[in-house]
Amino acid sequence: MKIAILASGGNSQAMNNTIITIVDQAIKNKIKVELIRDGYKGLINEWFIPADPVFLDNFVNRGNVVIGSARCLEFLKPEVQAKAAKILKQHKIDVLIVIGGDGSYNGAYKLSLLGAKVITLPGTIDNDIASTEYSIGFDTSLNQIVNSLDALKDSFGSHDGICFCEVMGRHYSDLAIRSCIANHCQAVVTIDNVKTAAQFAKIAQQAMANGVRGVMFIVTENIYGKNGLPSLEQIAKEVETITGNGMCRAVVLAHIQRGGTTVASDRFKSSLMGAYAITCVKNNQLNVAIGLKHDALITTPIDKAVTMPRKKHNFYFLEE
């Protein structure tokens with residue numbers, strides 16, 4: 001029995017912990033392991049490397065992905081998928097384990113249709129995989145945001161300013177909502193409750209009237225500056241004009257959310273998932289997506305996992 005592991009899409013912290021656990025458990029069960037550098041890009045270029053558990057253990061706390069991750073638009077082409085399936089067969093890979101988000105899951109599903117055996121694990125800071133309540137890296141990314149907001153509140157509070165902080169999350173705003181609640185910010189904006197500059201200004205003025213120094217707004221990425229909406233910088237300028245507050249700024253946290261030391265909860269949960277992947281391999285439970293639900297490990301058939309409706313939030317928005 002031989003397996004291969006790849007990480008695909010945007011990196012998420014604790015991918016390393018998942019990889020380390022899979023390798024350790026595979027070796028204990030006399031399963032051969034190969035690693036694939038840089039995701040599906042590495043697969044179609046045959047960038048296979050041996051798994052060295054001693055070397056990998058040096059990255060147990062790191063937020064990078066030691067084997068690399070990459071987006072591969074070329075993999076959307078059927079002929080490229082067929083090439084990848086052929087390469088897996090040539091390398092005598094019995095099971096491909098894929099760590100990534102929606103696009104990575106779809107890539108694995110396409111390979112399964114071509115006869116490859118796959119297992120997917122949810123590696124995305126967005127926490128938007130419908131077949132699981134938790135995705136690898138989410139907890140660390142949330143902590144990175146919360147720590148950054150602490151620093152921003154120090155600065156903007158000192159100057160009685162207004163801060164618009166943009167965080168990642170695309171179509172699913174768990175990072176924005178949870179960080180807003182954790183830091184007691186004044187409002188969170190998602191695709192479901194887009195606000196105008198006038199609405200922001202009203203909230204800010206009310207907060208300042210109540211004695212708040214350093215008004216904080218959390219905004220999910222890819223909302224402003226698109227679909228006819230002003231940019232977040234333009235929103236900040238308009239609010240500055242309306243409120244007369246001279247320190248009104250837009251701050252984009254960007255890729256700082258994807259790095260940093262992996263927190264304990266991520267290390268623990270990602271390791272559980274990694275170990276369970278080997279259990280699935282041993283039990284011939286293949287072409288499945290691994291997830292967590294109510295802290296229990298679950299599997300979902302890969303064809304079902306890629307067609308499940310998008311997750312919905314179960315929080316009330318923190319409003320004015």
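All values below were derived from every heavy atom in this structure, side-chain atoms included, with hydrogens, water molecules and symmetry-related copies excluded. If you're wondering where the values come from, they're calculated on a predicted model, not measured in any experiment.
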For this session: Work out which heavy atom in Y105 is nearest to a heavy atom in S131; give both atom names and the distance.
Result: CE2-OG, 4.1 Å
For this session: Using a 4.5 Å cut-off on heavy atoms from C-beta on, say whether the side chain of T299 contacts that of Y276.
Result: yes
For this session: Mark yes when over 12 heavy atoms from residues, nucleotides or ligands other than K41 sit less than 6.0 Å from its NZ; otherwise mark no.
Result: no
Problem set entry | Trace of the side chain to side chain contact (heavy atoms under 4.5 Å, CB included) decision for V212 with Q186 | CA-CA 9 Å; V212 174; Q186 275 58 59; 4.0 Å; yes
Exercise. Taking atom OG1 of T190 and atom CD1 of I223, what is their separation to the nearest 0.5 Å?
Worked result: 6.0 Å
Problem set entry | L113, CG atom: more than 12 neighbouring heavy atoms under 6.0 Å | yes
For this session: List the steps and the verdict of side chain to side chain contact (heavy atoms under 4.5 Å, CB included) for I125 and M168.
Result: CA-CA 8 Å; I125 65 170; M168 290 182 175; 3.7 Å; yes
For this session: Indicate the atoms forming the closest heavy-atom contact of N245 with M208, along with that distance.
Result: ND2-SD, 3.8 Å
Exercise. Under 3.5 Å, side chain of Q81 to main-chain N/O of K110, donor-acceptor pair present?
Worked result: no
Problem set entry | Short side-chain to backbone donor-acceptor contact, E240 and M247, under 3.5 Å | no
Exercise. Considering all heavy atoms of both residues, which atom of F138 and which atom of N127 are nearest to each other, and what is their separation?
Worked result: CD1-CB, 3.5 Å
Problem set entry | Common cluster, L297/L286, ILVMFWY with side-chain heavy-atom separation under 4.5 Å | yes
Exercise. What do you reckon, is CG of D295 surrounded by more than 12 foreign heavy atoms closer than 6.0 Å?
Worked result: no
For this session: Using atom types as modelled and distance alone, determine if a side-chain donor or acceptor of Q25 lies under 3.5 Å from a backbone N or O of I22.
Result: no
Problem set entry | Contact check, side chains of I290 and T120, non-hydrogen atoms, under 4.5 Å | no
For this session: Measure from NZ or CZ of K195 to the centre of the six-membered ring of F200, then state whether that distance is under 6.0 Å and the direction lies within 45° of the axis.
Result: no
Exercise. Can you find a pair of side-chain heavy atoms, one from T132 and one from K293, that are under 4.5 Å apart?
Worked result: no
Exercise. Of T262, V263, T261, which meets side chain to side chain contact (heavy atoms under 4.5 Å, CB included) against N143?
Worked result: V263
Exercise. What is the distance from atom OG of S112 to atom CG of N287, rounded to the nearest 0.5 Å?
Worked result: 5.0 Å
Seminar exercise, completed: To the nearest 0.5 Å, atom CD1 of I97 lies from atom CD1 of I3 at 4.0 Å
Exercise. With a 4.5 Å limit on heavy-atom distance, are the side chains of I302 and V306 in contact?
Worked result: yes
For this session: Return yes when atom NZ of K311 has more than 12 non-hydrogen atoms of other residues, nucleotides or ligands closer than 6.0 Å, and no otherwise.
Result: yes
For this session: Treat each ILVMFWY residue as a node, draw an edge where side-chain heavy atoms are under 4.5 Å apart, and state whether L253 and M216 are in one component.
Result: yes
Problem set entry | Aromatic ring proximity F164/Y224, centre distance under 6.0 Å | no
Problem set entry | Any side-chain donor near an acceptor of the partner, T220 and S173, under 3.5 Å | yes
For this session: Give the minimum heavy-atom separation between L35 and V23, together with the two atoms involved.
Result: CD2-CG2, 4.2 Å
Exercise. At their closest point, which heavy atom of R267 faces which heavy atom of S270, and how far apart are they?
Worked result: O-OG, 3.3 Å
Problem set entry | L121/I136 under side chain to side chain contact (heavy atoms under 4.5 Å, CB included): CA gap, chis, key distance, verdict | CA-CA 8 Å; L121 297 106; I136 294 163; 4.2 Å; yes
Problem set entry | Backbone of P53 reached by a side-chain donor or acceptor of D57 within 3.5 Å | no
Exercise. Can any side-chain N or O of Q199 pair as donor or acceptor with the backbone N or O of T196 at less than 3.5 Å?
Worked result: yes
For this session: Taking N284 for its side chain and C280 for its backbone only, find out whether a donor-acceptor pair lies under 3.5 Å.
Result: no
Exercise. Quick one: does E221's side chain get under 4.5 Å of V167's, heavy atoms only?
Worked result: no
Problem set entry | Contact summary for I235 and A197, nearest pair of heavy atoms | CD1-N, 3.9 Å
Problem set entry | Backbone of G103 reached by a side-chain donor or acceptor of N106 within 3.5 Å | no
Problem set entry | pair Y134-D266: side-chain heavy atoms closer than 4.5 Å | yes
Exercise. Does D139 pair with K269 as a salt bridge, N-O distance under 4.0 Å?
Worked result: yes
Exercise. Is I242 linked to F217 within one hydrophobic cluster, defined over Ile, Leu, Val, Met, Phe, Trp and Tyr using a side-chain heavy-atom separation of less than 4.5 Å?
Worked result: no
Exercise. Linking I/L/V/M/F/W/Y whenever any side-chain heavy atoms sit under 4.5 Å apart, do Y109 and V288 land together?
Worked result: no
For this session: Evaluate the side chain to side chain donor-acceptor pair (under 3.5 Å) criterion for residues S8 and S104: first the C-alpha distance (whole Å), next the side-chain angles of each, then the deciding distance (0.1 Å), finally the verdict.
Result: CA-CA 6 Å; S8 174; S104 306; 3.0 Å; yes
Problem set entry | Sidechain-backbone polar pair: T241 side chain, K237 backbone, donor-acceptor under 3.5 Å | yes
Exercise. Once you round to the nearest 0.5 Å, how far does CD1 of I218 lie from CD1 of I181?
Worked result: 11.0 Å
For this session: Check step by step if side chain to side chain contact (heavy atoms under 4.5 Å, CB included) holds for D38 and W47.
Result: CA-CA 8 Å; D38 297 333; W47 294 340; 3.9 Å; yes
Problem set entry | Heavy-atom donor-acceptor pair, T140 side chain to G137 backbone, under 3.5 Å | no
Exercise. How about K2: does its NZ atom have over 12 heavy atoms from other parts shown lying under 6.0 Å from it?
Worked result: yes
Problem set entry | Rounded distance (nearest 0.5 Å) linking atom CG of N16 with atom CZ of F59 | 7.0 Å
Problem set entry | Student check: side-chain heavy atoms of V239 and I162 closer than 4.5 Å | yes
Exercise. Do Q13 and S141 get their side chains close enough for a donor-acceptor pair, meaning under 3.5 Å?
Worked result: no
Seminar exercise, completed: Members sharing F48's hydrophobic cluster, built from side-chain contacts under 4.5 Å between Ile, Leu, Val, Met, Phe, Trp and Tyr, are L6, I36, Y40, L43, I44, F75, V80, I87, L88, I93, L96, V98, L111, V118
Problem set entry | SG-CG distance between C163 and L152, expressed to the nearest 0.5 angstrom | 4.5 Å
Exercise. So, D150 and N183: side-chain donor and acceptor under 3.5 Å apart, yes or no?
Worked result: yes
Exercise. Should the heavy atoms of other residues, nucleotides or ligands under 6.0 Å from CG of N283 be counted, would the total exceed 12?
Worked result: yes
For this session: Say whether, by atom type as modelled, one donor and one acceptor occur between the side chain of T18 and the main chain of A14 under 3.5 angstrom.
Result: yes
Exercise. Are I129 and I5 joined in one hydrophobic group, where the rule is that I, L, V, M, F, W and Y side chains link up if heavy atoms are under 4.5 Å apart?
Worked result: no
